[in-house]
There are 2 protein chains.
Amino acid sequence: MAQVKPMRADARRNYERLLKSAADAFAEHGENASLDDIAKRAGVGSGTLYRHFPTRQALLEAVYVDAIEALGDRADAIAKELPPGEALQEWLYEVCVRTIEVRGLKALLGAAVTDGSNAALTACGTHMKSAAARLVEAAQREGTLRGDLEPIDVLRLAHGVASAAELANGGRPRIRRYLSLLTEGLRPAED
Amino acid sequence: MAQVKPMRADARRNYERLLKSAADAFAEHGENASLDDIAKRAGVGSGTLYRHFPTRQALLEAVYVDAIEALGDRADAIAKELPPGEALQEWLYEVCVRTIEVRGLKALLGAAVTDGSNAALTACGTHMKSAAARLVEAAQREGTLRGDLEPIDVLRLAHGVASAAELANGGRPRIRRYLSLLTEGLRPAED
DNA sequence: GAGTTAAACGGAGACAGTCCCCGGTTATCT
DNA sequence: AGATAACCGGGGACTGTCTCCGTTTAACTC
């Protein structure tokens, strides 16, 4: 899985520089930041950028793998602190928050749960899906989550909640509300 | 509300032509179709396009006003055929279907329910919101919809459902499922 | 530490899209 | 028919994407 051949020193240096300025650029200008500009900031030619990262998606993924792995880890940390149903709810909340706040992450997470998406994204997708599966299955065993739900449906719906909340001014405060509406349903409470 | 001064004959002709080729182009290439190309297809210069429609949003809106008004009308038609709760569900279904299938409409409907969105979009937004309000309030009176929901929240959540369904291959078949999950909630059925 | 070589660099340039400007045209009114 | 204000249209500046290929350089050998 690791690099078959170690990269040449200059290649490695440029790779890291690109990653760093890409992170800055995406944070500053969103996921459509100019690629040539990213190369310029990193002090390399655009050819170098395109050699290391053939597509914008590839660069986006490289920049945000860490964030996605962190989300996977959070799933397990939360699972240790809360009962399954609440743990899932809380994890989905964090996923939505990141989706909205980390500019550029939304497209990536979206692609990760899209059918027939780019093979290069499978790593992220797998990571998210397996984290979701652990929480979903635990909640189902506990009986607080419908048994007929697939983890990927839950992830897609969370993505939808993030999209919905994003439409409201400020976004973030609406996440909890929309997420609980999703959990509880739109019908009147019966208790 | 109407044109204060009637348009000059040539201006009107170009306006209509642009609208027609824009509709074709958006349907064919999605909402990012080339504007210069649209002008070319319509047989006018790009200057003419930009004079009539200063921004892509403006053009998108002009192209889809009809579709949006049709959705508003559908709300009333459905309300006459079904009990309030089901009517809302059915209308949201149609909204989601259009959102996904009519390329270019998604951005517009999204902007229409976004806080602080462009003033030019207010017409569409108002139209959708009032249609939603009628159905939402009827369902609330009937007691099949939570009383603490604002129409705009319902629209945003529907937009979210459309986004979620879009991630699944083919999209459309998932709409009904995701919509009913939203209505019923993710907790196990109690009946 | 000089020589060799394959890997990596980088920026010029082809291409596509957006948007504005302004000389020329034309509908409309009298 | 002539005056005029509105409108047309395409040339061109600008920005962004992505590739190609002559040049540089790290890494390895002796």
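If you're wondering where the values come from, they're calculated on a predicted model, not measured in any experiment. First the proteins, then the strands, lettered A, B, ... as listed; each starts at 1.
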Participant: More 5' along DNA chain C: B:A9 or B:R56, using each one's nearest nucleotide?
Facilitator: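 This one resolves to B:R56.
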Participant: Are A:H52 and C:dC9 close enough that a side-chain N or O sits under 4.0 Å from OP1 or OP2?
Facilitator: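 Yes, within the criterion.
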Participant: Using whole Å, what does the distance between atom P of nucleotide D:dC20 and atom OH of A:Y50 come to?
Facilitator: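 Rounded to whole Å, this separation is 14 Å.
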Participant: Give a yes or no on whether a donor-acceptor pair under 3.5 Å exists between the nucleobase atoms of C:dC19, that is its base, and the side chain of B:D36.
Facilitator: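 Under the 3.5 Å cut-off, the side chain and the base do form a donor-acceptor pair.
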Participant: Can you tell which of A:V136, A:I78, A:D76 makes a side-chain contact (heavy atoms from CB on, under 4.5 Å) with A:W91?
Facilitator: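 For A:W91, the side-chain contact (heavy atoms from CB on, under 4.5 Å) test succeeds with only one of A:V136, A:I78, A:D76, which is A:I78.
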Participant: For B:Y93, is the NZ or CZ atom of B:R176 found under 6.0 angstrom from the centre of its six-membered ring and inside 45 degrees of the ring axis?
Facilitator: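 Flagged: B:R176 positioned over aromatic ring of B:Y93.
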Participant: Quickly, which of A:V95, A:L108, A:D73 forms a side-chain contact (heavy atoms from CB on, under 4.5 Å) with A:I68? Name it, please.
Facilitator: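 The option that passes is A:L108.
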Participant: Closer than 4.0 Å, any side-chain N/O of B:S34 to the OP1 or OP2 of C:dT18?
Facilitator: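 Yes, because at least one side-chain N or O of B:S34 sits under 4.0 Å from OP1 or OP2 of C:dT18.
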Participant: I need the CG-C1' distance between B:D37 and C:dC15, as an integer number of Å.
Facilitator: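 So the two atoms are 15 Å apart, to the nearest Å.
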Participant: Do A:Y15 and A:T48 have side chains that get closer than 4.5 Å, going by heavy atoms?
Facilitator: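 No, their side chains stay 4.5 Å or more apart.
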Participant: Would you classify A:T48 as touching base, sugar-phosphate or nothing, given that sugar-phosphate means primed atoms plus P, OP1 and OP2, and contacts are heavy atoms under 4.0 Å?
Facilitator: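 Base contact - A:T48 has a heavy atom under 4.0 Å of at least one base atom.
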Participant: From the options D:dT19, D:dC7, C:dA6, select the nucleotide whose nearest atom is closest to the side chain of A:R8.
Facilitator: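 Nucleotide nearest to A:R8's side chain: C:dA6.
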Participant: Could you check whether A:N14 gets within reach of a base, just the sugar-phosphate, or nothing at all, counting any heavy atom under 4.0 Å?
Facilitator: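 Since only primed, P, OP1 and OP2 atoms lie under 4.0 Å of A:N14, the category is sugar-phosphate.
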